[in-house]
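Note that these values count all heavy atoms, side chains included, but never hydrogens, waters or copies made by symmetry.
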Amino acid sequence: MYPVRILGIAPYPGLERIMQQLAAQRPEIHLITKLGNLRNWRDALSSVPSSSYDVIISRGGTARMLSSFARTPVVEITTSAYDMLCSLRNAQGYTGKIAVVGHSNITELYNVTPEQLAEIMQYDIVVCPIDDNADIRQEILHLKQENCNLILGDIVSQHSAEELGLNSMLITSSEQSVQDALDEAVRLVRAQS
């Protein structure tokens, strides 16, 4: 049986490394990775001939943009409650108001919300869902005016927060979230063939 050819577009280097490490352990997968996020996903996609992959995996808003434009199926690397909990735990040293900013993959977790996790950890948290990339900078500016001193979010939220002089922390995806996306990509390609 031929290996499933996957193009992984990762918004940050750590996610790219996780993709590569996990795929290296699976002989049924041939993985090509590129760095790409909401600002440069087109460059990442166009740098690889479409004939060299069967499916794309990516995360969040980048995955949704790819789904809208790519002719190839896209599997999203989801953000799990565990991923969010790890990010909130990493924010333990911060005092004051914390905001979670991002697309639905970050603000609408399965079976649990960031607010519920923050309540468990006794954090003062604001959840700010983003529908349009143009909203991110405006929302973060509004949060800054409300005295939020830490922004947790995706790579675009993180960069926008830093540009506005706020502390920020990237919500990262765990190995399990990537493994689940790889499993789904293999299942999808095998079902199509």
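H142 pairs in a side-chain hydrogen bond (donor to acceptor under 3.5 Å, both in side chains) with only one of the listed residues (K144, Q138, E146), which is E146. Of the candidates N147, L143, V126, V126 is the only one forming a side chain to side chain contact (heavy atoms under 4.5 Å, CB included) with K97. For the side chain to side chain contact (heavy atoms under 4.5 Å, CB included) test with I57, the passing option among I9, L182, V74 is L182; the others fail.
The shortest non-hydrogen separation linking S173 to D83 is CA-OD2, 3.8 Å. Considering all non-hydrogen atoms of both residues, A91 and I98 come closest at CB-CD1, 4.3 Å. Here the shortest heavy-atom pairing between S80 and S177 reads OG-OG, 3.8 Å. Contact between I6 and Y53 at its shortest, heavy atoms only, is C-CB, 4.2 Å. The two atoms that bring L31 and G8 nearest to each other are CD1-N, 3.9 Å, heavy atoms only. In plain terms, the two heavy atoms of A23 and I29 that are nearest each other are CB-CG2, 4.0 Å.
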Checklist line | Evaluation steps, side-chain contact (heavy atoms from CB on, under 4.5 Å), between D183 and R26 | finding: CA-CA 10 Å; D183 291 344; R26 299 181 63 172; 2.7 Å; yes
Check: Stepwise, does the side-chain contact (heavy atoms from CB on, under 4.5 Å) test hold for V100 with M84?
Finding: CA-CA 10 Å; V100 174; M84 181 62 72; 3.9 Å; yes
Margin query: Could you walk me through whether L150 and L166 satisfy the side-chain contact (heavy atoms from CB on, under 4.5 Å) test, starting with their C-alpha distance in whole Å, then the side-chain angles of each, then the deciding distance to 0.1 Å, before giving a yes or no?
Written below: CA-CA 6 Å; L150 177 64; L166 290 170; over 6 Å; no
Checklist line | Stepwise side-chain contact (heavy atoms from CB on, under 4.5 Å) test for L88 and I125 | finding: CA-CA 10 Å; L88 288 170; I125 193 167; 3.8 Å; yes
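Counting only distance, with no hydrogens or angles, the side chain of T72 and the backbone of I56 share no donor-acceptor pair below 3.5 Å. Using a distance-only test at 3.5 Å, with no hydrogens or angles considered, no donor-acceptor pair links the side chain of D54 to the main chain of V189. Put simply, the side chain of D154 gets close to the backbone of S157: a donor and an acceptor are under 3.5 Å apart. Listed for the R5 side chain is a donor-acceptor partner under 3.5 Å among the backbone atoms of S51. S160 places a side-chain N or O within 3.5 Å of a backbone atom of V156 that can act as its donor or acceptor partner.
A salt bridge is absent between K34 and E16; no separation between the charged side-chain nitrogens and carboxylate oxygens falls under 4.0 Å. Between E76 and R64, at least one side-chain N (NZ, or NE/NH1/NH2) sits under 4.0 Å from a carboxylate O, which counts as a salt bridge.
Rounded to the nearest 0.5 Å, atoms CD1 (I18) and OG (S174) are 7.5 Å apart. How far CD1 of I136 is from SG of C128: 9.5 Å, rounded to the nearest 0.5 Å. Put simply, CD on Q145 and CD1 on I140 are 12.5 Å apart, with the number rounded to the nearest 0.5 Å. Atoms CG and CD, from L15 and Q20 in turn, are 10.0 Å apart once rounded to the nearest 0.5 Å. Expressed to the nearest 0.5 Å, how far OH of Y12 lies from CG of L170 amounts to 5.5 Å.
Neither side chain, S87 nor N90, offers a donor N or O lying under 3.5 Å from an acceptor on the other. Under the 3.5 Å distance criterion, with hydrogens and angles disregarded, a donor-acceptor pair is assigned to the side chains of D180 and Q176.
Residues W41 and L45 have side chains in contact (heavy-atom distance under 4.5 Å, counting atoms from C-beta outward). Residues Y2 and E28 form no side-chain contact, since every pair of their non-hydrogen atoms from C-beta on lies 4.5 Å or further apart. The closest side-chain heavy-atom distance from L7 to V55 is not below 4.5 Å. Using a 4.5 Å heavy-atom cutoff, the side chains of M65 and S58 are not in contact. Looking at I151 and M169, their side chains never come closer than 4.5 Å, going by heavy atoms from C-beta outward. At a threshold of 4.5 Å between non-hydrogen side-chain atoms, the residues R137 and L164 count as touching. Put simply, the side chain of S52 reaches to within 4.5 Å of the side chain of I32, judged on heavy atoms.
M19 and L35 fall into different hydrophobic clusters, where Ile, Leu, Val, Met, Phe, Trp and Tyr side chains are chained together by heavy-atom contacts under 4.5 Å.
For R187, the side-chain hydrogen bond (donor to acceptor under 3.5 Å, both in side chains) partners two or more places apart in sequence, or in a different chain, are E184.
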